[in-house]
Amino acid sequence: MWYVSTRGMATRVNFEGALFSGYAPDGGLFMPEELPQLGRETLNQWSMLSYPSLVKELCALFIGPELIPRDDLNDLIHRAFSRFRHKEVVHLSRLRNGLNMLELWHGITYAFKDLSLCCTAQFLQYFLEKREKHVTVVVGTSGDTGSAAIESVHGTKNVDIIVLLPKGHCTKIQELQMTTVLKDNVHVFGVEGNSDELDEPIKAVFADEAFVKKHNLMSLNSINWSRVLVQMAHHFFAYFRCVPSLDMHPLPTVEVVVPTGAAGNLAAGCIAQKMGLPICLVAAVNRNDIIHRTVQRGDFSLSETVKPTLASAMDIQVPYNMERIFWLLSDSDSQVTRALMEQFERTQSVSLPKELQSKLSAAVMSESVSDEAIIRTMGRCWEENQYLLCPHSAVAVSYHYQQMDRQQPSPPRCCLAPASAAKFPEAVLAAGLTPETPVEIAALEKKETRCTPMRKSDDWTLVLRNTIEDIGQQWSCHFLNVSE
């Protein structure tokens, strides 16, 4: 399986090459050159599988046995999920009035990103040990990516990780999950800016090809193909758990509601759709509504500011995975994609061509949800089910309640639940409910923290480069000592 850049100007790479890259050298994102098509027979076979087994089947399709033999792949994925709290890894809760919640948050950090990052970290280690290499991972986070990335690689000898978090824009628990990890290979910076602003120095560093190569830099944000690959399993699992029967012709559809910020889960759903999975996708966003405006009227443009909301991990203005979706829906047209994205980077505003806009609105529906609606939804779900929603899950469930109250006929619907309510006690209290705090989360308060400030007056790109160079020097010294 080969991977090409959405902008068409970079040499194609195999899975290992895509894994170890952040952005492609031409600024694009890696996508499979061809998508396997899944027929009814394969879908029937896969419908009986557990979530980890689905991940194994998908990864086998997109990695190839010449890079990771199947037995090794099975072991890596088994190891990745070994510390999850639920025996199924991912669990479907069936609640009243047709509300199906796919709980993606049973990993160590109580967020869906544990699923893809645990696997990605295993793949990394596998190749690094074979190649005797070291990498420095650079991650910008709006809340959950940072802690899940740190959790997946802390204490690993071949990996250093640098995390930039937006100071004051994460919840206290999200911040503590990052700043209380005191391992030598973990470097956390608190940036005086929002999550879109802190992406700028990361993009600037990755644009310097020689520097990236010299220091073996990579990203674990959802620009990394490996994360999108694993997230495809959410959609297959949701479909198989919610479809009434696979004996009907044509196969029935299932609606999957995806609360989204950077559109990684949404891109995974679009790829699954293209492979033949009969799902209807709904992108559910908060008041930062660039994805909603793009789906509804082709308006891919920044608002004046990022609006802080209760669903803080989705307070994102630049949903970079939309580039993957544009490429996919324009029939892999890298010229169209490159022109769109370069114009967006220049002017921060693009109107999608009519044909692409109509394909997007056929593939995806969308809804934008206010903080007031989030609070109402959290209250209603508790009242009807004694089930606590995190504010991001509530964005998806708000759409479900709207449809239900309108008594619209619809296929079975599954809402993705990206995080546990335990991570967002402030939002739970705002909804007039009582937070439930697991022991592991309560213990964070008492731990020592470490976080280096990145102030507005600092040159963030320079600070980042200097940190990477320091890590490179330490690793060179370590490598020399080992060789001697």
Side-chain angles (χ1 to χ4, degrees), residues 2-31 33 67 120-121 123-125 127-141 149 153 156-164 185-187 189 191 196-227 318 320 323-324 334 337-338 341-342 344-346 452 454 458-483:
W2 291 99
Y3 293 86
V4 294
S5 168
T6 48
R7 301 195 189 181
M9 306 288 280
T11 313
R12 68 180 192 166
V13 295
N14 62 13
F15 175 79
E16 185 181 355
L19 174 70
F20 281 94
S21 301
Y23 291 93
D26 59 359
L29 300 175
F30 283 113
M31 283 287 277
E33 194 169 42
L67 284 179
T120 300
F123 301 151
L124 274 183
Q125 275 296 98
F127 289 120
L128 288 172
E129 283 170 13
K130 281 178 89 167
R131 313 281 184 254
E132 296 184 338
K133 268 175 65 181
H134 170 271
V135 293
T136 298
V137 172
V138 185
V139 172
T141 186
V153 300
T156 302
K157 65 176 187 210
N158 310 56
V159 181
D160 273 80
I161 182 166
I162 301 169
V163 173
L164 274 54
N185 71 325
V186 175
H187 317 267
F189 288 85
V191 181
D196 285 328
E197 289 167 338
L198 63 78
D199 274 338
E200 290 306 311
I202 296 173
K203 192 143 194 186
V205 164
F206 276 102
D208 184 340
E209 270 189 76
F211 189 77
V212 168
K213 204 167 184 179
K214 180 183 175 186
H215 295 285
N216 288 332
L217 297 188
M218 63 170 292
S219 173
L220 283 181
N221 284 55
S222 57
I223 57 174
N224 192 298
W225 163 252
S226 172
R227 283 190 53 189
V318 184
Y320 37 78
E323 177 164 348
R324 285 189 159 111
S334 52
T337 309
R338 186 168 72 252
M341 296 313 299
E342 285 178 353
F344 178 73
E345 285 161 0
R346 265 194 325 274
T452 308
M454 253 192 206
D458 295 337
D459 180 333
W460 297 350
T461 304
L462 186 63
V463 172
L464 187 53
R465 287 179 75 99
N466 288 345
T467 306
I468 291 163
E469 282 176 340
D470 289 348
I471 290 167
Q473 279 184 323
Q474 286 167 24
W475 181 254
S476 300
C477 295
H478 168 80
F479 193 72
L480 283 170
N481 293 338
V482 170
S483 322

Within the distance-only criterion (no hydrogens, no angle test), does the side chain of [X] pair as donor or acceptor with the backbone N or O of [Y] below 3.5 angstrom?
X    : Y    : answer
N224 : M218 : no
D459 : T461 : yes
D199 : G140 : no
R465 : V205 : no

- [ ] Evaluate the criterion side-chain contact (heavy atoms from CB on, under 4.5 Å) for residue pair F344 and E323; output intermediate values, then yes/no.
- [x] CA-CA 11 Å; F344 178 73; E323 177 164 348; over 6 Å; no

If you round to the nearest 0.5 Å, how far is [atom2] of [Y] from [atom1] of [X]?
X    : Y    : atom1 : atom2 : result
L19  : L124 : CG    : CG    : 4.5 Å
N185 : I162 : CG    : CD1   : 11.0 Å
T136 : I468 : OG1   : CD1   : 7.0 Å
S222 : R324 : OG    : CZ    : 7.5 Å
I161 : I471 : CD1   : CD1   : 10.0 Å
L462 : M454 : CG    : CE    : 9.5 Å

Do the non-hydrogen side-chain atoms of [X] and [Y] ever get within less than 4.5 Å of each other?
X    : Y    : result
S21  : V13  : no
L128 : T156 : no
Y23  : L29  : yes
N221 : Y320 : yes

Task: No-hydrogen, no-angle side-chain donor-acceptor test under 3.5 Å, D160 and H134 - done: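 Checked: D160/H134 side chains pair up, N/O donor to acceptor below 3.5 Å.
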
Open item on the list: Any salt bridge linking D26 with R338? Criterion: basic side-chain nitrogen under 4.0 Å from a carboxylate oxygen.
Closed with: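 Looking at R338 together with D26, the answer is no, because their closest N to O distance does not fall below 4.0 Å.
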
Task: E16/K130 salt bridge by N-O under 4.0 Å criterion - done: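 Salt bridge flag = no for E16 with K130.
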
- [ ] Assess K133 against F20: is NZ or CZ under 6.0 Å from the centre of the six-membered ring, and within 45 degrees of the ring's axis?
- [x]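 Judged by the rule, K133 and F20 form a cation-pi pair.
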
- [ ] Kindly determine whether T120 and L220 satisfy side-chain contact (heavy atoms from CB on, under 4.5 Å), including the steps that lead there.
- [x] CA-CA 8 Å; T120 300; L220 283 181; 3.4 Å; yes

TODO: Can you label the angle between the F127 ring and the F15 ring as parallel, tilted or perpendicular, going by 30° and 60°?
DONE: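 Because their plane-to-plane angle lies in the 30° to 60° range, the rings of F127 and F15 count as tilted.
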
Task: Residues W475, H215; criterion side-chain contact (heavy atoms from CB on, under 4.5 Å); working and verdict - done: CA-CA 10 Å; W475 181 254; H215 295 285; over 6 Å; no

Task: T467 vs F189, side-chain contact (heavy atoms from CB on, under 4.5 Å): CA-CA, chis, key distance, verdict - done: CA-CA 10 Å; T467 306; F189 288 85; 3.3 Å; yes

